[in-house]
Trainee: 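Starting off with a structure, shown below.
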Amino acid sequence: MNYWLIKSEPDTYSWDDFVKEGKSMWDGVRNHAARLNMIAMKEGDLALFYHSNEGREIVGLAKVSKEHYPDPTADDPRWVVVEFVPVEKFPKPVTLKQIKSDKRFEDMALVRLSRLSVGPVKPEEYDFIMQLAHD
DNA sequence: GCCAACGTTGGC
DNA sequence: GCCAACGTTGGC
């Protein structure tokens, strides 16, 4: 089981949109590092759902429901999508500010590679986030 | 193959 | 709205 973090701008696609649809095909990723992360995702892996730009907080938890396949919106078949389903909306969203002010997260991909849209999360980082989200 | 210019992302 | 970080493009 691996853990991930996926970013979305809520103006474009928010957690509420995700819940309304019941599942999401994560398309439009055109970054090689993000692509490699998506390819590494296995069905059942969990992903923190982060709102970038507006909100700047982790708002909920998603689960990989379908592993990578070619992105139908891309010209190049090497780009891939992954499908997610919602698991849980956090009672207390975890803000970027909280994360940045906590030493336990200083090596987190979200902090160190702020522009990466699909990044890995370590098991211990996942545990800390879940504690903060349910505190 | 190097690197300057430019575009995009995303935090502030 | 600004700018830092990073990726991509194109001239040489």
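So that the names make sense, note that chain A is the first sequence line, chain B the second, and so on, each numbered from 1.
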Trainee: Any chance the side chains of A:Thr73 and A:Arg30 put a donor and an acceptor closer than 3.5 Å?
Mentor: yes
Trainee: Is there a residue in residues 70-77 of chain A whose heavy atoms reach under 4.0 Å of DNA chain B, and which residues are they?
Mentor: none
Trainee: For each nucleotide in nucleotides 4-9 of chain B, reading 5' to 3', give B when a protein heavy atom comes within less than 4.0 Å of its base, S when such contact involves only the sugar-phosphate, and - otherwise.
Mentor: ----BB
Trainee: Let's go through A:Phe49 and A:Ile6 carefully: what are the C-alpha distance in whole Å and the side-chain angles of both, what is the deciding distance for side-chain contact (heavy atoms from CB on, under 4.5 Å) to 0.1 Å, and is it a yes or a no?
Mentor: CA-CA 5 Å; A:Phe49 192 109; A:Ile6 55 177; 4.0 Å; yes
Trainee: State whether a side-chain donor-acceptor pair under 3.5 Å links A:Asn37 with A:Trp4.
Mentor: no
Trainee: Who pairs with A:Asp17 by salt bridge (Lys or Arg N to Asp or Glu O under 4.0 Å), at least two apart in sequence or on another chain?
Mentor: none
Trainee: List for me each residue that meets salt bridge (Lys or Arg N to Asp or Glu O under 4.0 Å) alongside A:Arg104, sequence neighbours excluded, and say none if there are none.
Mentor: A:Asp102
Trainee: Report yes if some heavy atom in the side chain of A:Arg112 is under 4.5 Å from a heavy atom in the side chain of A:Asp107; otherwise report no.
Mentor: yes
Trainee: Is there a donor-acceptor contact under 3.5 Å linking the side chains of A:Glu83 and A:His68?
Mentor: no
Trainee: What's in the same ILVMFWY side-chain cluster as A:Val81, cut-off under 4.5 Å, chained through other members?
Mentor: A:Met25, A:Tyr69
Trainee: Between the side chains of A:Asp127 and A:Lys122, is the shortest nitrogen-to-carboxylate-oxygen separation below 4.0 Å, so that they form an ion pair?
Mentor: no
Trainee: Name every residue in residues 93-104 of chain A that has at least one heavy atom under 4.0 Å from any atom of DNA chain B, in order of residue number, or write none if there are no such residues.
Mentor: A:Leu96, A:Lys100
Trainee: Could you state the atom-to-atom distance from CG of A:Leu113 to C1' of B:dG10 in whole Å?
Mentor: 13 Å
Trainee: To check you understand the geometry: which heavy-atom pair defines the closest contact between A:Phe105 and A:Leu132, and what is its length?
Mentor: CE1-CD1, 3.8 Å
